[in-house]
Amino acid sequence: WIILNPLITAVLFNEAFGGIAGLSTDGTPSFLFYMAGNTVWTFFANCVNNTANTFVTNSQIFGKVYFPRLTMPVSQVLTSLINFGIQAVMYLIFWVYFFATGSGVTFTLWVLAVPFVVLEVMLLGLGVGIIVSSLTTKYRDLAIAVGFGVQLWMYASPVVYPLSMLHNSPRLRVLVQLNPMTSPIEIFRMATLGTGTVTTFGIVYSLIFTAAALVLGVVLFSRIEKTFMDTV
């Protein structure tokens, strides 16, 4: 499923948004366009979903053995990183095929930023995930809403559309740029496809948001872990 899920999703996006809806893909092969966005997004979504239930899922272990509790969400994020690596290799295989067939895709110097993008997405997913995990110890219903919320977040990110498509909607463009996942997705596409909208504001804002989410998450996690057995 690590391979089939993103592959099937990319095919469905290609048919629904590229074929039926006819959304722009900035002149790149639509399949690669959607696969690039979905690869980065799936990594982030897995980081959030896998860490969101840390306290509830591991309550029995936490109650019996003491160890640094933060290792549990970190281990989940590292597992997601391994899955991302597998999906990235699959994406690269398709990229080589389209490159060989003369579709015009190309690597740019932004490829040097890809490791930093991966690190940022991982830290953002960890931060958001442990914030949700900390809150679910008291608000159990929040765990049910996480999956739906992450899905909605995807459509607020340039996964199925390029940021350039919003140039005629300034307000909507600003809202999308306030999404911390917009910059990583656009950088990844710029790095591997040669198209994308990368701005200094977007990069700086995304980094600040990631740092704030991570710090807030760690602070909340540290406080909740001391008393969570009373509420879980």
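Positions are given from 1, in the same order as the sequence printed here.
Side-chain N or O atoms of T39 include none that pairs as donor or acceptor with a backbone N or O of Q87 at under 3.5 Å. For D26 (side chain) and T28 (main-chain N/O), no donor-acceptor pair under 3.5 Å exists by modelled atom type. Judged purely by atom type and a 3.5 angstrom limit, S133 has no side-chain atom pairing as donor or acceptor with the backbone of G129. Panel note: side chain T182, backbone L178; no donor-acceptor pair is recorded below 3.5 Å. Checking side-chain atoms of N46 against main-chain N and O of T42 turns up a donor-acceptor pair under 3.5 Å. In this structure, S103 contributes its side chain and F98 its backbone to a donor-acceptor pair below 3.5 Å. Put simply, the side chain of E186 gets close to the backbone of T197: a donor and an acceptor are under 3.5 Å apart.
Side-chain rings of W95 and F99 approach one another, their centers coming within less than 6.0 Å. The distance between the ring centers of Y97 and F31 does not fall below 6.0 angstrom.
Taking all atoms of both residues into account, the shortest heavy-atom contact from P73 to T51 is O-CG2, 3.4 Å. The two residues V160 and L23 make their nearest non-hydrogen contact at O-CD1, 3.5 Å. Residues L166 and R173 come closest through the heavy atom pair O-CB, 3.7 Å. The shortest non-hydrogen separation linking Y161 to A156 is OH-C, 3.5 Å. Residues V105 and L193 come closest through the heavy atom pair CG1-CD2, 3.9 Å. L124 and F44 get closest at one heavy-atom pair: CG-CE1, 3.6 Å.
Cluster annotation: L109 is not connected to F107 through the hydrophobic network of ILVMFWY side chains, with a link wherever side-chain heavy atoms come within less than 4.5 Å. Taken together through direct or relayed side-chain contacts under 4.5 Å among Ile, Leu, Val, Met, Phe, Trp and Tyr, V114 and I93 form parts of separate hydrophobic clusters. Hydrophobic cluster membership is shared by V174 and V198, with clusters built from Ile, Leu, Val, Met, Phe, Trp and Tyr side chains linked at under 4.5 angstrom. Cluster annotation: M181 and F201 are assigned to the same hydrophobic cluster (Ile/Leu/Val/Met/Phe/Trp/Tyr, side-chain heavy-atom contacts under 4.5 Å, transitive). Under a hydrophobic-cluster definition in which Ile, Leu, Val, Met, Phe, Trp and Tyr are linked whenever side-chain heavy atoms come within less than 4.5 Å, directly or via other members, F116 and L78 are assigned to different clusters.
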Evaluation steps, side-chain contact (heavy atoms from CB on, under 4.5 Å), between F17 and T25 = CA-CA 10 Å; F17 297 105; T25 57; over 6 Å; no
Under the side-chain contact (heavy atoms from CB on, under 4.5 Å) rule, what do F13 and V159 come out as? Steps first, then yes or no, please.
-> CA-CA 9 Å; F13 283 176; V159 175; 4.2 Å; yes
What do the steps show when you test M122 against L126 for side-chain contact (heavy atoms from CB on, under 4.5 Å), and what is the final call?
-> CA-CA 6 Å; M122 183 170 64; L126 176 63; 5.7 Å; no
Given side-chain hydrogen bond (donor to acceptor under 3.5 Å, both in side chains), test E120 with S206 step by step and report yes or no.
-> CA-CA 9 Å; E120 181 193 352; S206 183; 2.3 Å; yes
For T9 and W41, run side-chain contact (heavy atoms from CB on, under 4.5 Å): C-alpha distance rounded to whole Å, both residues' side-chain angles, the deciding distance at 0.1 Å, then the answer.
-> CA-CA 12 Å; T9 301; W41 179 259; over 6 Å; no
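The structure places CG of L81 at 9.5 Å from CG of L119, a figure rounded to the nearest 0.5 Å. To the nearest 0.5 angstrom, F84 atom CZ is 6.5 Å from F43 atom CZ. I187 CD1 to T192 OG1: the interatomic distance, rounded to the nearest 0.5 Å, is 11.5 Å. To the nearest 0.5 Å, atom CG of residue L214 and atom CD1 of residue I130 are 6.0 Å apart. Distance check: L172 CG to L163 CG gives 9.5 Å after rounding to the nearest 0.5 Å. Taking CZ of R189 as the start and CG of L32 as the end, the distance is 10.5 Å to the nearest 0.5 Å.
Counting only heavy atoms from C-beta outward, the side chains of F188 and V121 never approach each other to under 4.5 Å. Put simply, the side chain of Y205 does not reach to within 4.5 Å of the side chain of Q177, judged on heavy atoms.
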